[in-house]
> 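Take this structure, written in structure tokens, and hold onto it; I'll ask about it next.
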Amino acid sequence: MAKFQNKASSVFDALPWFKVGDETPGGVEVLPFRNPAIVGEWPCAQCGKPMHYHGNISTKEGVATVCPNDWIVVGDNAEPVMIKPDAFTREFSPSA
């Protein structure tokens with residue numbers, strides 16, 4: 001598991017997510033995207049890929065949709081957070 005550090009010097013476990021079944025930090029369960037109001041072939045408003053390529057994770061704010069290539073980050077509190085690739089690159093660096 002790769003360790004990453006944010007600008008505030010906190011250390012987190014983090015991995016990019018591409019599809020259901022990928023390894024995740026902290027054993028976070030990524031479920032297949034499900035929403036009866038959204039057809040799986042519809043493009044995602046954020047990444048443009050069909051929704052059937054997406055996943056869902058449970059966070060303290062509720063269910064979050066994970067796009068392929070998003071990072072899943074888990075800190076000391078074991079709470080998963082989904083972060084877009086550009087924000088991850090801007091905010092985190094590999095930890096020594």
Side-chain angles (χ1 to χ4, degrees):
M1 182 69 50
K3 298 274 187 194
F4 289 85
Q5 186 171 351
N6 69 358
K7 304 279 186 203
S9 297
S10 298
V11 176
F12 299 88
D13 288 325
L15 286 171
W17 182 87
F18 298 101
K19 65 185 182 326
V20 172
D22 281 354
E23 179 184 2
T24 59
V28 172
E29 186 175 18
V30 181
L31 299 173
F33 176 81
R34 297 282 183 259
N35 184 331
I38 298 176
V39 176
E41 289 299 321
W42 287 1
C44 174
Q46 294 184 26
C47 73
K49 294 180 181 167
M51 292 306 295
H52 64 81
Y53 291 116
H54 292 65
N56 287 336
I57 61 171
S58 293
T59 69
K60 64 182 178 183
E61 288 86 24
V63 176
T65 298
V66 183
C67 296
N69 207 33
D70 283 353
W71 283 77
I72 297 176
V73 177
V74 177
D76 291 336
N77 62 0
E79 183 68 34
V81 177
M82 179 275 307
I83 300 178
K84 295 293 179 194
D86 57 337
F88 186 85
T89 302
R90 191 173 51 250
E91 296 296 324
F92 290 85
S93 60
S95 178

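We number each residue from 1, following the sequence as shown.
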> Atom CD in E29, atom OG1 in T24: separation rounded to 0.5 Å?
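E29 CD to T24 OG1: 9.0 Å, rounded to 0.5 Å.
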> Any idea which heavy atoms bring V74 and P80 closest together, and the distance?
CG2-CA, 4.0 Å
> Is there a side-chain contact between P68 and H54 (heavy atoms, below 4.5 Å)?
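The answer is yes, as the side chains (C-beta and beyond) meet within the 4.5 Å cut-off.
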> Check whether any side-chain heavy atom of F12 lies under 4.5 Å from a side-chain heavy atom of V81, and answer yes or no.
no
> Kindly compute the distance separating CD (E79) from OG (S58), expressed to the nearest 0.5 Å.
9.0 Å
> Find the distance between CZ (F88) and OG (S93) and round it off to the nearest 0.5 Å.
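Rounded to the nearest 0.5 Å, the CZ-OG separation comes out at 8.5 Å.
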> Side-chain heavy atoms under 4.5 angstrom apart, residues restricted to Ile, Leu, Val, Met, Phe, Trp, Tyr: same cluster for W17 and Y53?
no
> State the CG-CG distance between D22 and L15, to the nearest 0.5 angstrom.
9.0 Å
> Are side-chain heavy atoms of T65 and M51 found at a separation under 4.5 Å?
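A side-chain contact exists here, since the closest heavy-atom pair is under 4.5 Å.
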> Is there a side-chain contact between D70 and K84, using heavy atoms and a 4.5 Å cut-off?
yes
> When you measure from the side chain of Q46 to the backbone of C67, do you find a donor-acceptor pair of N or O atoms at a distance under 3.5 Å?
no
> For the residue pair P32 and N56, what are the closest heavy atoms and their distance?
O-ND2, 4.1 Å
> I need the E91 CD to I83 CD1 distance, nearest 0.5 Å.
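Separation between the atoms: 8.0 Å.
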> For residues V30 and F33: do they belong to one hydrophobic cluster (side chain heavy atoms under 4.5 Å, members Ile, Leu, Val, Met, Phe, Trp, Tyr)?
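No, it is not one cluster - the side chains of V30 and F33 are not joined through contacts under 4.5 Å.
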> Using every non-hydrogen atom in the two residues, find where N69 and P85 come nearest and quote the distance to one decimal.
O-CG, 3.1 Å
